[in-house]
Structure formats: C-alpha cells, structure tokens
Amino acid sequence: MFFRRSSNDSPEKKARLLERMKQALGATKQSLVNKIEAVLSARAEIDETVLNELEETLLGADLGISVTDRIINAIRMQKKDQGIKTAEDAKNEIRKQLLSILSPQSVAEPKLSQGQPSVWMVVGVNGTGKTTTIGKLAARFSKENMKVMICAADTFRAAAIEQLAIWAERSGAELIKSKPGADPSAVLHDALSAAMARHADVVIVDTAGRQHTKSNLMLELEKMKRVASRKIPGAPHEILLVVDATTG
Ligand SMILES: Nc1nc2c(ncn2[C@@H]2O[C@H](COP(=O)(O)OP(=O)(O)OP(=O)(O)O)[C@@H](O)[C@H]2O)c(=O)[nH]1
Ligand SMILES: [Mg+2]
C-alpha cells in the first residue's frame with residue numbers, strides 16, 4: 001500500500017486518506033479473522049488436517065514462515081498437553097501469540113560505564129530516517145535526564161547539519177558540528193573530546209546516507225570507528241542500522 005506524504009493537503013483530504021487507511025487495514029484484519037474462522041468453524045477437534053489448513057491460511061495471509069511456525073507449534077504443543085481442545089481454545093492461542101509478537105520490545109539503553117560517554121553511531125542508506133531517529137532518541141534520553149550530545153558527521157548532504165540542529169534544539173541536546181564538506185572523522189573526534197570534557201552520558205552520531213557497495217564510503221565509516229575507539233575505548237558502543245520498514 002502506498003500513501004503519498006503531502007503537508008499541503010487540506011484537512012478534508014487528510015481525513016479521507018486516514019479513513020481509507022483505516023478501511024484498508026480493517027479489511028486485512030477482517031479477512032484474516034474470517035479465514036481463521038472458516039478453517040476452525042464446525043471442527044469438533046483440532047487434528048493434523050486442521051493444523052495443516054491453518055498453516056496454509058496463515059502463510060497465505062503473509063504472516064511469514066517464522067510467525068506461522070510459532071503459532072502452529074504453540075497449538076500443537078498445547079494440544080499434546082491437553083491445553084487446547086476446542087476451536088475456541090485454538091483461536092485464543094492464535095490471538096495470544098499474535099499479541100505477544102506485536103507487543104513493544106524493550107528498547108536498548110545506553111550503557112554508562114566508568115564515566116565515559118556512550119557512543120552510538122547511526123548508519124544506513126540515503127533517506128531511511130537516520131536523522132529523524134536521532135532526534136527521537138535524543139528526545140527520549142534527554143527526558144530520562146541524560147546529558148545528550150549529537151555529532152553532525154553527515155557533512156556531505158546539503159542542509160543535513162541544519163536539519164540536525166532543529167532536532168537538537170527540540171530535544172535539548174547539544175550539537176557538535178563543523179562545516180559542510182568537513183572530514184566526518186574530524187567532526188567525530190571533536191564531538192568526543194567535547195563529550196568527555198562536558199561529561200556527556202551519550203553521543204549520537206549522524207552519518208551521511210550510503211550504499212554498502214560504495215567501498216570508499218564504507219572505508220570512511222571504518223575510519224570513524226577507529227577514531228571513536230582511539231578516543232574512548234570500546235566506542236562506538238552501538239551501531240544502529242536504520243532501514244525502511246517496508247523494505248522486503
Ligand atoms: N513515514 C515516515 N517517514 C519518516 C520516518 N522517519 C523519517 N521519515 C521521513 O523520511 C524522510 C527522510 O528522513 P531523514 O531522517 O532525513 O532520513 P536520513 O536517513 O537521515 O536521510 P539522509 O541523511 O538523506 O540519508 C523525512 O522526510 C522524514 O520526515 C518514519 O518513521 N515514517
Ligand atoms: Mg540524515
């Protein structure tokens with residue numbers, strides 16, 4: 001499904017778009033529920049034939065192999081232990097499994113060690129949301145009373161530094177930047193010096209978007225990692241790869 005983003009849309013148009021999205025998602029949910037109902041209704045017991053049909057239905061609904069296996073195995077195990085006897089029990093188990101898969105996972109926290117700042121590098125191909133993710137992380141860490149610094153090591157794309165400056169201001173983080181075209185490793189070096197001098201808890205490093213096939217740009221990342229580890233042993237402590245959630 002593809003929805004074009006446009007900030008100039010009228011409120012009516014936005015409302016219609018939201019309604020269409022709700023309908024589309026509602027239809028997906030309803031069709032999955034109907035298909036599961038169709039397999040389970042009028043079945044006196046959950047046998048291997050039912051499990052096979054259920055497996056086909058879940059795979060056909062694009063739940064993927066690992067989620068389908070998890071659900072089918074859970075039902076099979078509980079059937080063996082007499083936990084699942086009726087179609088209703090099976091439906092409840094499917095609901096339980098899906099909810100546990102969809103429930104929020106715990107988010108990593110910066111590990112604070114020996115008073116040294118924790119260094120998080122954010123990497124990925126162009127336009128996947130690296131800078132936006134940094135803004136959100138900075139806001140969250142600031143809210144948790146951490147002293148956050150952001151390093152503008154995307155010196156390549158025009159306006160990248162200004163974009164990051166807005167996020168830094170919004171989140172109350174300090175931005176360490178240089179001029180467009182500067183060596184990203186040099187900016188990182190300065191940012192880590194500043195972070196140590198000012199006892200920052202975490203430094204989040206923005207990097208320019210890059211494809212893994214561009215060897216010179218991958219070498220640039222290697223250099224940044226070396227600079228970070230020379231400045232602070234163990235850094236970078238986390239390297240976050242930001243990907244578009246719709247990538248297949
Ligand atoms: N729908 C949606 N849009 C997002 C999300 N994250 C970022 N965007 C938008 O995607 C566009 C690119 O986001 P950026 O954060 O600038 O991406 P980037 O990876 O830093 O891009 P480059 O620095 O050019 O490589 C912006 O218009 C963001 O508003 C998201 O989670 N959902
Ligand atoms: Mg960016």
Side-chain angles (χ1 to χ4, degrees), residues 1-11 13-25 28 101-108 119-143 148-188 190-192 202-225 227-228 236 238-248:
M1 202 178 346
F2 176 70
F3 290 96
R4 189 164 56 89
R5 286 164 58 94
S6 169
S7 51
N8 297 328
D9 287 348
S10 65
K13 198 168 170 195
K14 278 187 182 155
R16 280 204 305 278
L17 190 66
L18 201 65
E19 204 41 50
R20 270 175 48 211
M21 258 176 92
K22 273 190 195 159
Q23 279 172 9
L25 293 174
T28 306
I101 289 164
L102 292 173
S103 62
Q105 305 292 309
S106 62
V107 183
V119 181
W120 286 29
M121 266 173 77
V122 179
V123 302
V125 299
N126 309 72
T128 47
K130 295 179 289 299
T131 307
T132 310
T133 302
I134 289 171
K136 292 177 185 173
L137 284 173
R140 213 189 94 204
F141 296 156
S142 293
K143 220 165 106 188
V148 184
M149 280 195 177
I150 298 177
C151 167
D154 177 0
T155 56
F156 178 73
R157 186 169 65 75
I161 300 172
E162 286 89 332
Q163 186 190 355
L164 204 54
I166 295 170
W167 281 113
E169 200 188 319
R170 279 185 196 158
S171 59
E174 187 179 344
L175 179 70
I176 306 295
K177 61 179 183 178
S178 180
K179 295 209 162 40
D183 178 0
S185 295
V187 190
L188 177 60
D190 290 351
L192 297 186
V202 57
V203 186
I204 316 177
V205 186
D206 193 22
T207 63
R210 71 199 68 214
Q211 300 276 351
H212 65 283
T213 48
K214 294 274 191 293
S215 55
N216 56 330
L217 295 181
M218 297 314 285
L219 286 174
E220 188 180 89
L221 280 185
E222 287 298 327
K223 183 176 163 192
M224 290 175 78
K225 279 171 62 185
V227 166
E238 295 281 352
I239 300 179
L240 304 186
L241 173 67
V242 178
V243 292
D244 189 324
T246 58
T247 304

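Remember, it's 1-based here, ligands and their atoms both numbered in the order they're listed. Numbering of residues begins at 1 and proceeds along the displayed sequence. Since this is a predicted model, take the numbers as computed values, not measurements.
Where the criterion is an N or O separation shorter than 3.5 Å, residue side chain and backbone included, Thr207 fails it with respect to ligand 1. For ligand 1, none of its N or O atoms has an N or O atom of Ala208 under 3.5 Å away. Not a single N or O atom of Asn126, backbone or side chain, sits closer than 3.5 Å to an N or O atom of ligand 1. Note: no N/O pair closer than 3.5 Å links Thr133 and ligand 1 by distance alone. Ligand 1 has an N or O atom lying under 3.5 Å from an N or O atom of Thr132, backbone or side chain.
The closest approach between Ala160 and ligand 1 stays at or above 4.0 Å for every heavy atom of the residue. Taking a 4.0 Å cut-off on heavy atoms, Val242 fails to register as neighbouring ligand 1.
Partners of Lys214 according to the side chain to side chain contact (heavy atoms under 4.5 Å, CB included) rule, which considers only residues two or more places apart in sequence or in another chain, are Gln211, Asn216, Leu217.
In this structure, Pro180 and Ile161 have side chains that are in contact, with non-hydrogen atoms separated by less than 4.5 Å.
Side-chain atoms of Ser142 never come within 3.5 Å of backbone atoms of Ala173 as a donor-acceptor pair (strictly under, hydrogens ignored). Of the possible donor and acceptor atoms, none in the side chain of Thr128 sits under 3.5 Å from a partner among the backbone N and O of Asp244.
Note that CG of Asp206 is 13.5 Å distant from NZ of Lys177, once rounded to the nearest 0.5 Å. Taking OG1 from Thr131 and CD1 from Ile204, the interatomic distance works out to 11.5 Å, rounded to the nearest 0.5 Å.
If you count the protein N, O or S atoms nearer to the Mg ion (ligand 2) than 2.8 Å, you get 1.
Against a heavy-atom cut-off of under 4.0 Å, Gly209 is close to the following atoms of ligand 1: 25 (O). In summary, the atoms of ligand 1 found under 4.0 Å from a heavy atom of Asp154, numbered by their order in the structure, are 23 (O).
With respect to the salt-bridge test (charged N to carboxylate O, under 4.0 angstrom), the residues Asp154 and Lys130 do not qualify.
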